[in-house]
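The sequence lines fix the lettering, A, B, ..., with proteins before strands; numbering per chain opens at 1. A quick note: this is a predicted structure, and the numbers were derived from the prediction, not measured.
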Amino acid sequence: MAYSDKVLDHYQNPRNVGTLDKNALDVGTGVVGAPECGDVMKLQIKVGDDGRILDAKFKTYGCGSAIASSSLATEWLKGASVDDAAQIKNTQIVEELALPPVKIHCSVLAEDAIKAAIEDWRKKQAARIAASAASHS
Amino acid sequence: MTKAPLLDPFAVFGVEHRLDLEEHALERRYLQLSRELHPDRNRAIGAADCAAVLLRAAEVNDAWRVLRDPWERARALSHILAPGILEQHKSLDPDFLLDAIDLAEQVTLCEPNAVANLQGRIKQQADAIFATLQKAFAAGDHALAAQQIHQSKYLRKALADLETRS
């Protein structure tokens with residue numbers, strides 16, 4: 001099976017590989033796996049006070065399509081608002097990377113990772129608000 | 001990607017639906033079935049029977065491929081005893097997945113003289129998962145068994161990657 005040029009480009013020059021401090025309050029971490037193929041994807045976002053994503057990093061062990069899907073996702077996430085990021089669909093990744101049907105699950109994994117990272121960040125914000133409300137009462 | 005088995009490999013071999021099967025007995029059964037289905041023994045029969053024998057021989061080979069590997073045997077058993085449970089329990093614990101990333105990194109960066117040591121540690125972890133898997137099947141806890149089968153995939157992948165480096 002031939003990879004598209006875009007997949008090869010992300011695979012050979014992955015954007016935003018790395019790690020953010022998963023304990024930081026302004027960082028959301030999503031880690032998801034595809035046990036059929038033994039792939040694992042970690043995607044992290046750092047969110048500013050205005051709800052914009054300042055930075056995004058990923059680390060993926062898996063096939064070229066999984067790496068390209070998460071690399072592309074971090075490019076889209078940077079500068080986006082959290083609410084817009086939550087709207088990213090795997091089908092957009094499929095389209096951009098021209099993924100064949102057998103590799104669609106890689107884009108699903110990336111969407112799941114984005115959702116998990118946002119969910120983690122939102123939980124931290126809810127906890128922070130609850131904690132500050134408790135300390136003021 | 002692993003495909004769902006089309007037929008029951010345990011039934012093909014005529015053995016019980018259980019994880020703990022004696023491997024020598026399984027191999028003897030494989031050799032016996034292979035002999036019975038060998039073309040040299042089935043020459044006298046007609047074309048239609050010949051096709052049936054060939055099909056049956058292919059089934060025996062497929063079943064053997066599954067049954068001889070304890071992890072593939074476990075996967076098949078899960079499909080048979082609790083259809084759909086592997087699909088239902090695909091989302092793994094994030095802490096386990098973070099460890100899986102660490103492990104994949106260690107494998108990538110492993111110096112040649114440290115391969116044996118890392119292999120040993122991964123095999124120990126795999127043995128621990130297999131022990132939990134055996135208990136899960138014995139207790140009829142198919143959800144727990146499915147999680148162990150999925151987790152094992154990461155360790156087996158790490159071992160396979162190390163194999164190509166040593």
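When the shell of 6.0 Å around NZ of K46(A) is examined, it contains 12 or fewer heavy atoms from other residues, nucleotides or ligands. The environment of OH in Y11(A) is sparse: at most 12 heavy-atom neighbours from other residues, nucleotides or ligands sit within 6.0 Å. More than 12 heavy atoms of other residues, nucleotides or ligands shown are found within 6.0 angstrom of CD on E75(A). The number of heavy atoms from other shown groups lying within 6.0 Å of NZ (K22(A)) does not exceed 12. Enclosure of atom CZ in R15(A) by more than 12 non-hydrogen atoms of other residues, nucleotides or ligands within 6.0 angstrom is indicated. Dense packing is recorded around CG of D50(A), with more than 12 heavy atoms of other residues, nucleotides or ligands lying under 6.0 Å away.
Counting only heavy atoms from C-beta outward, the side chains of E36(A) and L86(B) never approach each other to under 4.5 Å.
By the rule that hydrophobic residues join a cluster once side-chain heavy atoms approach within less than 4.5 Å of another member, L21(B) and F13(B) end up as members of one cluster.
What you find for T108(B) and Y61(A) is that their closest heavy atoms are OG1-CE2, 3.7 Å.
For A116(A), no part lies under 4.5 angstrom from a heavy atom of chain B. In this structure, the portions of K90(B) lying under 4.5 Å from any heavy atom of chain A include both its backbone and its side chain. Interface remark: E105(B) contributes backbone and side-chain atoms alike to the contact with chain A (heavy atom separation under 4.5 Å). Only the backbone of V32(A) comes within contact range of chain B, with heavy atoms under 4.5 Å apart. Proximity to chain B (any heavy atom under 4.5 Å) is shown, for D39(A), by both the backbone and the side chain.
Of all the listed residues (L92(B), I149(B), I101(B)), the one sharing the greatest number of non-hydrogen pairs under 4.5 Å with chain A is I101(B).
Atom CE in M41(A) sits 11.5 Å away from atom CG in L97(B) (nearest 0.5 Å). Interatomic distance, NZ of K59(A) versus CG of L98(B), reported as 10.0 Å (0.5 Å rounding).
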